[in-house]
Amino acid sequence: MRVIDIHNHFFPESWPDLAARYGTPDWPWIKHTEAGKADIMVGDRFFRHIYSACWDPEVRLQEMDRDGVDLQVISATPALFAYDRPVEHALDCARLFNDAALELCSRGKGRLKSFCQVPLQDTDAACKELTRCMQSGHLGVQIGNHIGCKNLDDPGVITFLHHCANEGAAVLVHPWEMLGRDRMPKYMMPWTVGMPAETQLSVVALILSGAFDRLPSTLRICFAHGGGSFAFLLGRLENAWHHHPVARGECEHPPSHYLNRIYVDSAVFDQRTLQFLVGAIGAGRVMLGSDYPFPLGEERVGSLIRQSNLLQDTKARLLSGNAEGFLRIKTESSEGADRSEPATAASPPVPEPGRLTYSSYLKVPELLELQQPQSSPLHHDELLFILVHQTYELWFKELLHDLDAVVANLQKAGAAPHSHDEVYEAARLLRRCTEITRVLVEQFTILETMLPTHFLAFRGMLEPASGFQSEQFREIEFLCGLKDEKMLRYHRPTPEAYASLKRRLEEPSLRDVFFGALQAMGNLVPPGANVSEKEQFDARAQAVHELYKDEHHHRDWIDVCERLTEFDELIVSWRLRHIQLVERVIGIRMGTGGSTGASYLKLTLDKKFFPELWEARTLLTE
Ligand code: HEM
């Protein structure tokens with residue numbers, strides 16, 4: 001597995017005395033203390049201990065070998081940005097260190113590449129230096145996350161970012177000059193508290209200012225240290241965006257819409273955080289970044305990702321695949337394939353980074369990250385168990401989507417009894433529901449390839465999770481008309497699920513809407529006062545009976561009736577196949593949800609969504 005580290009730093013072994021060169025104090029300088037060790041000083045002030053990996057490619061390459069890193073993209077240090085200095089000094093300083101970076105890379109046996117720095121306080125000068133650097137071999141640029149009081153949504157910075165996109169330069173945003181320093185004089189808090197907040201501020205400024213609506217999607221921009229506190233607080237930002245107009249800013253979409261415009265590195269130092277980051281930002285958007293060889297860097301570069309529980313494919317993306325796209329560098333396997341080759345049938349065009357792709361549209365990396373087995377070491381069949389259930393839930397989602405549309409069409413049909421379009425549309429969508437359910441009945445056979453002993457090996461870890469808690473299954477039942485308030489109790493632990501089921505209980509069901517439409521058409525007399533449930537049921541069955549008796553006039557409604565009946569029938573088939581699976585796998589054991597298992601489930605076989613449609617068949621005569 002190739003490994004690319006996109007966030008690490010260097011210092012040259014020596015550089016001119018900048019204070020003397022520019023005639024101003026407090027520039028960084030290097031004080032060699034003993035062989036292979038040095039201190040970075042800023043004026044008279046100690047800034048940081050460093051060692052020879054910063055300047056000696058031999059040491060660097062040895063440590064890269066030790067850690068299994070193939071390629072590093074080195075950057076200078078924010079302390080050298082000099083955004084608050086006269087532009088000619090900042091430009092000269094940038095040139096010195098940009099050329100020093102290339103010199104170090106030239107001794108790196110092809111395993112060191114670099115990001116340049118630019119005098120960002122002056123847009124023209126920054127753009128020119130970037131162009132010069134890209135022409136001389138840098139892969140992109142490291143910028144600070146603000147210029148004094150100006151955030152990244154400053155018009156000058158936006159112009160510069162446009163220029164980066166045009167030049168094909170990757171951008172690494174590094175926090176610096178941390179906010180609230182007066183309140184954080186101790187314990188490295190500017191690094192541990194200030195830096196994450198700075199980075200979050202930058203991402204939020206870019207999003208809310210609408211910058212991503214204007215910047216080309218080809219811009220590749222990465223935020224250091226996992227994007228700071230951004231991912232963790234995205235929910236808060238999103239909530240504010242939806243509920244408080246003043247918090248909306250100028251962006252066209254909610255903040256989460258722009259996640260596919262940013263990358264973050266993996267410098268978060270905690271497995272749970274890495275896992276969360278991959279879930280929140282996306283497996284295609286996190287890249288190995290180590291902060292090597294600084295004291296706060298990852299000690300064994302790449303170990304956080306390697307030791308994680310992420311899938312192999314995801315690890316490969318984080319360790320190198322995503323960086324290859326971000327940096328636009330060729331992979332070993334694609335070495336022979338030239339992106340500029342004309343497209344032929346055998347070699348379709350290679351999509352430009354940042355453009356919509358199959359994976360980014362379908363969120364494939366995120367989808368493949370959603371299987372989180374409980375068994376450790378992983379029991380081979382647990383992945384299948386999770387995937388089959390997830391597939392069911394995805395189809396349940398589509399069923400609800402279609403059934404809601406059936407309800408809407410039947411409501412319209414009731415409101416306009418002479419229009420047939422809505423009735424046809426309802427029948428068409430119901431046909432889709434029956435086809436989906438047919439697949440769902442069949443799918444149980446895949447789970448039956450799992451031996452009962454294999455399931456029992458990890459079943460205990462799943463308690464007290466149970467199919468009783470499938471919110472969508474219960475929603476389908478409630479939506480179709482099979483409403484049982486008692487079932488709500490299984491959803492108490494999840495308030496959102498509880499609330500949406502409660503809403504389904506209160507809303508008119510498909511069954512209600514169907515008979516409402518028959519009433520509107522005059523085929524069913526509305527129930528008067530004191531009419532018993534039984535009498536109402538009989539009247540509804542009779543109304544269906546009348547439809548069937550006059551096939552010539554009611555062909556469209558009969559089609560709806562047939563589809564509803566078929567759907568009902570297939571749901572019973574689903575229940576039956578589920579019971580067979582349950583008996584095959586756990587026999588007559590109790591369920592993890594506390595029911596008596598198969599014997600409880602058998603009681604559900606008599607449940608019907610549309611009993612009047614079945615009753616009408618009994619009423620029909622030859
Ligand atoms: C090894 C495979 C399976 C076993 C052993 C199993 C077992 C059970 C048991 C015993 C129950 C009764 C409730 C309880 O006490 O927990 C139940 C309910 C349920 N299961 Fe499964 N199940 C399996 C697979 C599936 C699959 C693949 C789905 C797909 C979504 C599913 C969906 C449901 C649903 C929706 C219920 C509630 C049914 C109702 O209340 O009518 N189950 N399951």
Side-chain angles (χ1 to χ4, degrees), residues 370-371 373-375 379-401 403 433 436-494 497-498 500-501 504-505 509 567-609 611:
L370 294 177
Q371 294 72 43
Q374 295 288 312
S375 55
H379 190 287
H380 181 83
D381 281 3
E382 195 182 349
L383 184 63
L384 174 78
F385 186 81
I386 295 174
L387 280 170
V388 168
H389 280 80
Q390 288 182 337
T391 314
Y392 272 103
E393 290 294 337
L394 286 175
W395 282 123
F396 288 166
K397 180 171 181 172
E398 178 63 32
L399 280 178
L400 284 165
H401 183 58
L403 290 168
C433 293
I436 292 172
T437 313
R438 219 181 292 285
V439 168
L440 297 189
V441 174
E442 278 306 307
Q443 242 180 224
F444 285 121
T445 55
I446 307 176
L447 257 190
E448 285 176 343
T449 61
M450 178 175 66
L451 290 180
T453 41
H454 291 188
F455 179 53
L456 292 177
F458 61 88
R459 183 183 188 233
M461 292 168 197
L462 312 183
E463 274 177 82
S466 149
F468 269 158
Q469 294 156 344
S470 167
E471 176 204 342
Q472 295 199 102
F473 180 81
R474 207 60 72 202
E475 264 195 79
I476 292 172
E477 283 195 340
F478 287 6
L479 170 58
C480 288
L482 206 59
K483 296 181 177 178
D484 184 350
E485 195 164 359
K486 288 196 298 301
M487 288 319 213
L488 283 183
R489 66 177 184 269
Y490 297 106
H491 301 277
R492 287 233 164 76
T494 43
Y498 188 89
S500 54
L501 280 170
R504 290 278 185 200
L505 267 186
S509 67
F567 183 53
D568 221 354
E569 187 179 299
L570 283 161
I571 291 288
V572 177
S573 303
W574 184 93
R575 294 187 199 275
L576 182 62
R577 284 298 286 117
H578 176 242
I579 294 169
Q580 287 169 331
L581 165 76
V582 172
E583 286 189 322
R584 182 163 171 168
V585 179
I586 60 166
I588 56 162
R589 279 187 174 76
M590 279 184 65
T592 46
S595 80
T596 52
S599 56
Y600 156 79
L601 290 168
K602 281 180 187 163
L603 300 176
T604 66
L605 283 175
D606 287 335
K607 291 186 178 177
K608 292 223 163 47
F609 292 159

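Every value quoted in this text rests on a predicted model; they were computed, and no experiment measured them. Atoms within each ligand, like the ligands themselves, are counted from 1 in listed order.
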Among E475, E393, H491, H389, exactly one meets side chain to side chain contact (heavy atoms under 4.5 Å, CB included) together with S470. Which residue is that? E393
Near ligand 1, at a heavy-atom separation below 4.0 Å: residues by chain and residue number: F385, H389, Y392, F396, F444, L447, M450, F455, S466, G467, F468, F473, R474, W574, R575, H578, L581, V582, V585, G591, T592, G593, G594, S595, G597, Y600, L601, T604
For V572, check side chain to side chain contact (heavy atoms under 4.5 Å, CB included) against everything at least two apart and list the hits. L605
Of all residues at least two apart in sequence or in a different chain, which pass the side chain to side chain contact (heavy atoms under 4.5 Å, CB included) check with L482? E477, R575, K607, F609
Not counting sequence neighbours, which residues clear salt bridge (charged side-chain N to carboxylate O under 4.0 Å, His left out) with E583? List them please. K602
Have a look at Y392 and tell me which of F473, F444, F385 forms a ring-ring contact (aromatic ring centres under 6.0 Å, His included) with it. F444
Taking all non-hydrogen atoms of both residues into account, name the closest pair between A598 and G587 and its distance. CB-O, 4.3 Å
